[in-house]
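No hydrogens, no waters, no symmetry mates; every other heavy atom, side chains included, goes into these values. This is a predicted model, so every value here is computed, not measured.
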Protein chains: 4
Amino acid sequence: MTVRIAVAGASGYAGGELLRLLLGHPDVEIGALTANSSAGDQLLKHQPHLLPLADRQLQDTTVETLRGHDVVFLALPHGHSAELAAQLGDDTVVIDCGADHRLTSADDWTRWYGGTHAGSWPYGLPELPGHREKLVNARRVAVPGCYPTVSSLALAPAVDLIEDEVVIVAVSGTSGAGKSLKTNLLGSEVMGSASAYGVGGAHRHTPEISQNLSGAAGRPVKVSFTPVLAPMSRGILATCTATLRGGGDVRDVRAAYEKAYADEPFVHLLPEGMWPTTNAVLGSNAVQLQVIVDADLNRLVVVAAVDNLAKGTAGAAVQCMNLALGLPETTGLSTVGVAP
Amino acid sequence: MTVRIAVAGASGYAGGELLRLLLGHPDVEIGALTANSSAGDQLLKHQPHLLPLADRQLQDTTVETLRGHDVVFLALPHGHSAELAAQLGDDTVVIDCGADHRLTSADDWTRWYGGTHAGSWPYGLPELPGHREKLVNARRVAVPGCYPTVSSLALAPAVDLIEDEVVIVAVSGTSGAGKSLKTNLLGSEVMGSASAYGVGGAHRHTPEISQNLSGAAGRPVKVSFTPVLAPMSRGILATCTATLRGGGDVRDVRAAYEKAYADEPFVHLLPEGMWPTTNAVLGSNAVQLQVIVDADLNRLVVVAAVDNLAKGTAGAAVQCMNLALGLPETTGLSTVGVAP
Amino acid sequence: MTVRIAVAGASGYAGGELLRLLLGHPDVEIGALTANSSAGDQLLKHQPHLLPLADRQLQDTTVETLRGHDVVFLALPHGHSAELAAQLGDDTVVIDCGADHRLTSADDWTRWYGGTHAGSWPYGLPELPGHREKLVNARRVAVPGCYPTVSSLALAPAVDLIEDEVVIVAVSGTSGAGKSLKTNLLGSEVMGSASAYGVGGAHRHTPEISQNLSGAAGRPVKVSFTPVLAPMSRGILATCTATLRGGGDVRDVRAAYEKAYADEPFVHLLPEGMWPTTNAVLGSNAVQLQVIVDADLNRLVVVAAVDNLAKGTAGAAVQCMNLALGLPETTGLSTVGVAP
Amino acid sequence: MTVRIAVAGASGYAGGELLRLLLGHPDVEIGALTANSSAGDQLLKHQPHLLPLADRQLQDTTVETLRGHDVVFLALPHGHSAELAAQLGDDTVVIDCGADHRLTSADDWTRWYGGTHAGSWPYGLPELPGHREKLVNARRVAVPGCYPTVSSLALAPAVDLIEDEVVIVAVSGTSGAGKSLKTNLLGSEVMGSASAYGVGGAHRHTPEISQNLSGAAGRPVKVSFTPVLAPMSRGILATCTATLRGGGDVRDVRAAYEKAYADEPFVHLLPEGMWPTTNAVLGSNAVQLQVIVDADLNRLVVVAAVDNLAKGTAGAAVQCMNLALGLPETTGLSTVGVAP
């Protein structure tokens, strides 16, 4: 079986990571690569690490260019996918790395993104209860945000054990902000410095995390979410904490996580005493977790690491493609990080 | 007035930062510089940035060497200061950058550090209510830990407005861990990676933060504290959050901070919309703060930045020396950071 | 004596570093601060590390705004200083951190910068033989480029000992490229990566280095110069090498450097066996050097470190202001770096 | 065909990278993993990025443990491989990532490493003329040093065009120095700083580069080599320069490189105008090159990028294993980097 794929937004970080992974996928043939302002350029100019595609040129992002592929990956700013998907039809699997179809609540969409909601698609986090089955044979997939991926996997197994409010502080590398030219993303500003942004519920991933945890819990779970930019290109380390409902025996908590992820190939609860680091998951599709109970406060603390571009975006997209096409879920994906 | 000072532990990061600041202090003459395993070395070998002291040699850390100075700064591992201070007598102002005399509770000491408590000294955080007056003319000062400094200043003005439990996640540079040779502190491990440590209440600064906030509140305040190591040498960015007691009007909160810090030369509430970055305080004695209320959760979020070696350690030590000696509190200290 | 100064280009990195240093200068009063596209903004928005200037606003860069100061620092792109200086008149000392007046050869100017040469001004590298005396009481100063500063000081004492061709490879932090919004300067691109640029004689600092070494030698010295961008905000480490003319006794070489810099407060030949690091000079006006002879090739190798923004730009500017005004040359400047 | 392999030194950086690559090699089964002081530990403690080997334990490095594998990779300090190889016999392919058998000159060995030379083995740089054929079916392979790999590939195609002396300055990440606990390798020291070491011909890779270039040229080529440590974990960017013998037409030079590497899968001359960056080759087996002629000096400048741990060590080792076993040379290796 050869799957012919296209990538819209191939000049950016998510697009580059998609191509890096797809070049290692045994069943994939890489078709059209499109961009907006960079259309016409050699891909290599924007993605010098993708040597096997050195002779490829970026085309305009149009339906005509994208049509005729088995799978189209969209790595575009939000607001573009609904129309493109409608025109591509159901012959084509469309996997959207953007935000358009992640939220189920139109009110949430309007509040955090503005404008009209384009509707929701199957949500590409198969490790979250109830989602894998909707991804099998899906024609449309909304790839989760990077923060929601790691935060939801960090807390979902514990939702029955905790109170209704969680506090998450997630340290992220800068590639999550994309290649956009902003002064605060310059190397000179970023190196040697940490900074918070989107504080106080302003970050658009807040309602997505809440949606996931509420869905897993079957009741509303509120989320205090603070993202912090750290001087690294990739990786998210999320510290997730919540008050425990009953007595906080760490063995019970640990058992819940072991049970939840026993059969998951990509989510790994570390042995007791080991704590996750982002470089251990760099470039990989793995999520590494550790849990502890702070007995003085009867509070659960979970620390989780993910590569925001890999499992946090492009790896999840490939995983969902596998599910949608009936391929083994782990094809072309790895739990081996690139360290140091 | 010329103050003759000595530094015990001059080969380490805290000792080096003390000397950097003291070289810029107009009233100070630098006397003995001592070390342990590095005694006998040229200081420059360990502190190549301190060119004006290029001809200085490190001596052994003994009472004989330290005696005869007006002020002795101790930048030593915990467990050494009580005996040294006792032998130095009250002629000498002793300023301890270590942990020995920070905690007032002997039980807390024994639980987090082990062994017998050496007693508490005036606590060197003058911006915390009730402390400045005890530092004036003090003969002994316990310099606060770096995390407690930034966390306490971030939350103290709000203690009357919040519930009794706070959650703090603080991203730190690696110099806080000192020059100790540990694999996880190697550049190859640290660069490009974030990691948590001391999770679940295990970090020794947890009881110190709790002591400070409880003291400011006049009631017990519990602290969930998670430190995260980020790929930078210096700087702490603390995200501090707590549920508000009453209605969460950000103007009331902001007014509390403005009032608390109106006359403080080193603590700066940023204009609305600006968020702290650690490079803005690098090398300086400033703390930069911003506050917001997350209305969905009625939760206060405060983000604060400090240089762990400067205001977080050595700058505070110099500030306390000024207070102890009756010098203007800001002498030799600056609120200007080294950026980018 | 109070010197009233203005800074044109106060929103950029060179402007910010000028203000950082001038805030510590005892004889300076900071007047107008100007910018181009950022005029009207609070300075703090662009320079959050300059807290003492938190209430200052950026004005337009016009002659009217700059007039009436004793000293005007220009931290502007090249091409602007000649006209501004002409309008300011000789009452005002004009210190140009840009390139307009560094080169003495109009042909070199036209070849590397294009357009017409605006003429040369006294060259602000007092440690280079023949230059200090021209800076005393100067009304106009051309501050050297950052690479020429460190490269020229690294090789000038040896020009009589070496052949006519030198090879320089200089590793630089990213702040030398300014705050300009370019994809290759994004943190995500820069962190974890090294890259060369301006290779093969294309960098505009090449003729300036050649001019300096030729001037010191009294004969043409050719320069192979390759700048390399490294993942750090500040600092240049230059490796400078040339074949020795006679027998290569390192003691002779060392003696030449010791003699050349014996009375220089800012240039420091390290003790044998110590090699420079950029963090030892971070934020300082010092240059640290080490020399060695590779006996197998009879080749001199000099390694030198400088902070590109401090001694490499703004520190040199302040040093030149001191000379121009008859102040002690080291006023407001330090040889103490900020490390680690 | 299943090749059973063992790795001696599996707890270090080279060992970890070998395992990362071998986990992706379709024909390999991973057998014994040994260490010295870490024997008995879980591998995951030292290599948390190698999740598929999470249940593996490190054994002692003994002949008994290593015997019975088809291929044994040695990632040990120099001085250990000769005796181990002798005991393993010719049934086993031994691939030594250390230095013991790289140099052909016993005098060079004694001068740079001390002690007695253990003899030379086929040299694992197949892209260097004359070497690939010796690696086919080899029973012993000496994997080149990281600096010699990139420097030799950067200059070998030009040896007939240049004079007999080359100057190389190579910027390296810190993982090349291994996991050894040295103060100058601490993150706090490394981040934000650049430093040179082994200056003046002292670095042990100097004679190896000279051996390679002299071999390619058929005449002695002298090497001035300066390594510079930069704040990144991986990657080497080498700037290599030499005076051209005849007229310096860049087209001739370029043609020589195109010819030399036309059929090489891992060495890539970039399109004109593009310059190598280390992050483009991170984790990959590729070398990226660019060449230019500085007309003013008639000097060739070549800039080349490699991942010191991948193609610079472990990737080369796998490539040599493929050649030794008659597998396709590129099996399990990639030219796709992990960027940003």
At a heavy-atom separation under 4.5 Å, does D/Met274 approach chain A through its side chain, its backbone, both, or neither? side chain
Largest heavy-atom contact set with chain A, pairs under 4.5 Å, which of D/Leu44, D/Leu309, D/Leu19: D/Leu44
Out of D/His268, D/Gln288, D/Arg234, which one racks up the most heavy-atom pairs below 4.5 Å with chain A? D/Arg234
Let me know if D/Gln47 has heavy atoms under 4.5 Å from chain A in its side chain, its backbone, both or neither. neither
Max heavy-atom pairs within cutoff under 4.5 Å with chain D, candidates A/Pro52, A/Ser175, A/Gly16, A/Pro271, goes to A/Pro52
Chain D contact via A/Ala339 - side chain, backbone, both or neither, heavy atoms under 4.5 Å: both
From A/Ser334 atom OG to D/His49 atom NE2, the distance as rounded to the nearest 0.5 Å: 10.5 Å
What is the distance from atom CG of D/Leu53 to atom OG1 of A/Thr335, rounded to the nearest 0.5 Å? 9.0 Å
Per-residue contact mode, A/Gln42 against chain D (heavy atom under 4.5 angstrom): neither
Heavy-atom closest pair, residues D/Arg20 and A/Val336: CG-CG1, 3.5 Å
Which one of A/Leu50, A/Val338, A/Asn279 has the most heavy-atom pairs closer than 4.5 Å to chain D? A/Val338
Quick check on D/Asp55: does its CG atom have over 12 non-hydrogen neighbours (other residues, nucleotides or ligands) under 6.0 Å away? yes
Under 4.5 Å from any heavy atom of chain A - which part of D/Leu23: side chain
Which bit of D/Ser284 comes within less than 4.5 Å of chain A, counting heavy atoms only: side chain, backbone, both or neither? neither
